[in-house]
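As the structure is a prediction and not an experimental result, all values here were calculated from the model. The analysis underlying the following values was restricted to heavy atoms, covering all of them including side chains, and did not include hydrogens, waters or symmetry mates. We count ligands from 1, going down the list as the structure has it; atoms in each ligand are counted the same way.
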Amino acid sequence: MNIILLGPPGAGKGTQAKRLEEMHGIVQLATGDMLRAAVAAGTAVGKKAKPIMDAGKLVPDDILIAMIAERIDQADCARGFILDGFPRTVPQAEALDAMLRERRLKLDHVIEMQVDEAALLERVTGRFTCSTCGASYHEIFNRPRAEGICDVCGGTSFTRRADDTAETIKARLAAYRAQTAPILPYYRSKGVLDTIDGMAPIEAVTQAIDAILRQP
Ligand code: ADP
Ligand code: ADP
Ligand code: ZN
């Protein structure tokens, strides 16, 4: 099963992707996480991406397309994948289609998560992530079950993203509206788009997604 979670920064894509990974045995491909790993490792891609990410803008399409093409050929993706943060522009969506066609794969579902702007701001500014596995937590809405220990991997070190500030979130939301929202009609016209209420509690959102995945 190959799916896309679509939504603005803070919509809950990463949180839900991690849960779907566990429930369905499919892999999360989070382009933001891949780029942050490239920045931390100091690769050529990382050096190019860092200032762009810090400004809340989108990294060039060719970099992201190459990154995903390489990733979906790895063995762990054979059972399926959840794209989280990709595609984010119409050219990325078109490149993904071509990639899937070449490999005789198909997209089963594209799920749009709707969350209003005030909630996004609150979510992003309270977010912290596990340094080991990248699981996303929130100071108020989603604390680890045991204080200081990651529910997913047991890690004990947490970080805050450099781009999770009130100023950067404005630029990221603007990028979403201008460059990412136009891919919604693209998928709607293909008949694969479902929209869910991302304002609901985490567990209710998981159930809404699961109901869609059970549809043929
Ligand atoms: P969020 O989950 O909050 O939406 P991400 O972790 O997905 O944020 O992305 C962080 C940053 O990485 C983006 O603001 C952008 O600079 C870059 N990025 C991630 N995915 C893409 C993509 N598909 N195309 C271009 N830039 C991307
Ligand atoms: P995205 O990957 O779309 O940027 P995240 O999954 O990282 O979003 O979620 C953003 C923040 O909001 C995190 O701190 C997360 O714990 C929290 N969060 C996620 N889903 C919900 C929800 N349904 N209700 C409240 N907070 C949530
Ligand atoms: Zn973890």
Nearest non-hydrogen protein atom, atom 12 (O) of ligand 1:
Met53 CE, 3.4 Å
Which pairs with one or both residues in residues 167-182 pass salt bridge (Lys or Arg N to Asp or Glu O under 4.0 Å), sequence neighbours excluded?
Glu117-Arg177, Asp163-Arg172, Asp164-Arg172
Nearest atoms (heavy-atom pairs only) where His24 meets Leu213:
NE2-CD1, 3.9 Å
Check each heavy atom of Ala30 against ligand 2 and say whether those closer than 4.0 Å belong to the side chain, the backbone, both or neither.
neither
Nearest-neighbour protein heavy atom for atom 24 (N) of ligand 1, which is reported as residue plus atom name and distance:
Gln92 NE2, 2.9 Å
If I apply the N/O under 3.5 Å rule, does Asp33 come out as touching ligand 1?
no
Quick one: look up the protein heavy atom nearest atom 1 (P) of ligand 1 and list residue, atom name and how far away it is.
Arg172 NH2, 3.7 Å
What count do you get for protein N, O or S atoms closer to the Zn ion (ligand 3) than 2.8 Å?
4
Is Asp163 in polar range of ligand 1, meaning some N or O pair under 3.5 Å apart?
no
Taking a cutoff of less than 4.0 Å between a non-hydrogen atom of the residue and any ligand atom, is Gly32 in contact with ligand 2?
no
Please write down residue, atom name and distance for the protein heavy atom closest to atom 23 (N) of ligand 2.
Ala200 O, 2.8 Å
Is it the side chain, the backbone, both or neither of Arg127 that has a heavy atom closer than 4.0 Å to ligand 1?
side chain
Where on Lys57 is there a heavy atom closer than 4.0 Å to ligand 1, on the side chain, on the backbone, on both, or on neither?
backbone
Are Gly7 and ligand 2 in contact, using a heavy-atom cut-off of under 4.0 Å?
no
Using the rule given for side chain to side chain contact (heavy atoms under 4.5 Å, CB included), can you reason through Asp197 versus Gln114, listing the C-alpha separation, both sets of side-chain angles and the distance that settles it, and then say yes or no?
CA-CA 5 Å; Asp197 176 16; Gln114 283 184 340; 5.7 Å; no
Given Arg123, Gln179, Arg88, Lys13, which one has a non-hydrogen atom that is nearest to atom 5 (P) of ligand 1?
Arg88
Please work out which of Thr31, Asp61, Leu35, Val59 has its closest non-hydrogen atom nearest to atom 18 (N) of ligand 1.
Leu35
